[in-house]
Amino acid sequence: NKPAHRDAVLQQLKRKPFDAQREVVHAATALLLDRNEPACVLNCDMGTGKTMISICIASVLYQEGYQRMLVLSPPHLVYKWRREILDTVPG
């Protein structure tokens, strides 16, 4: 089940998630928004796009009215996160 309004958010991104990443985004946002769960854990291998998936989830949450997101990251990855967000999210 992929709500069209959430899929539209993903379509507006400068970089689009791969199909498998898109499925994870929809599952995570359904868990957080539709089932009102307090958290979601992404447990994936290195190189599968956890950063991209997280940015996509945050974009959907932002469109649903959430104004702030908290990213916990080791200091050496902060600039990578910033770059990824700027390369992916318009505005």
Verify, without hydrogens or angle tests, whether Lys2 (side chain) and Glu23 (backbone) share a donor-acceptor contact under 3.5 angstrom.
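Flag not set: sc Lys2 to bb Glu23 has no pair under 3.5 Å.
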Please report the closest heavy-atom contact between [X] and [Y], naming both atoms and the distance.
{"X": "Met69", "Y": "Tyr62", "value": "CE-N, 3.7 Å"}
{"X": "Cys56", "Y": "Leu10", "value": "CB-CD2, 3.7 Å"}
{"X": "Asp45", "Y": "Thr48", "value": "O-OG1, 2.7 Å"}

Straight-line distance of Asn43 CG to Lys50 NZ, nearest 0.5 Å
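Between Asn43 CG and Lys50 NZ, I get 8.5 Å after rounding to 0.5 Å.
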Interatomic distance, Leu42 atom CG to Ile57 atom CD1 [nearest 0.5 angstrom]
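So the gap between those two atoms works out to 5.0 Å.
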Under 3.5 Å, which donor-acceptor pairs do the side chains of residues 73-91 form with other protein atoms, sequence neighbours left out?
{"unit_1": "Lys80", "atom_1": "NZ", "unit_2": "Thr51", "atom_2": "OG1", "d": "3.4"}
{"unit_1": "Glu84", "atom_1": "OE1", "unit_2": "Arg15", "atom_2": "NH2", "d": "2.6"}
{"unit_1": "Thr88", "atom_1": "OG1", "unit_2": "Arg15", "atom_2": "NE", "d": "3.1"}
{"unit_1": "Thr88", "atom_1": "OG1", "unit_2": "Arg15", "atom_2": "NH2", "d": "2.9"}
{"unit_1": "Thr88", "atom_1": "OG1", "unit_2": "Glu84", "atom_2": "O", "d": "2.7"}

Hydrophobic cluster identity match, [X] and [Y], side-chain contacts under 4.5 Å:
{"X": "Leu32", "Y": "Val24", "answer": "yes"}
{"X": "Leu33", "Y": "Val9", "answer": "yes"}
{"X": "Val71", "Y": "Ile55", "answer": "yes"}

Please identify each residue that fulfils side-chain hydrogen bond (donor to acceptor under 3.5 Å, both in side chains) with Gln11, with sequence neighbours left out.
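If we apply the side-chain hydrogen bond (donor to acceptor under 3.5 Å, both in side chains) test to Gln11, skipping adjacent residues, the hits are Arg22.
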Can Lys16 and Gln21 be said to form a side-chain contact (heavy atoms from CB on, under 4.5 Å), step by step?
CA-CA 9 Å; Lys16 312 294 187 267; Gln21 293 170 332; over 6 Å; no
Min side-chain heavy-atom separation [X]-[Y] under 4.5 Å:
{"X": "Arg6", "Y": "Gln63", "answer": "no"}
{"X": "His26", "Y": "Val60", "answer": "no"}
{"X": "Ser59", "Y": "Leu13", "answer": "yes"}

Val41: hydrophobic cluster co-members (side-chain, 4.5 Å):
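So far as hydrophobic clustering goes, Val41 is joined with none.
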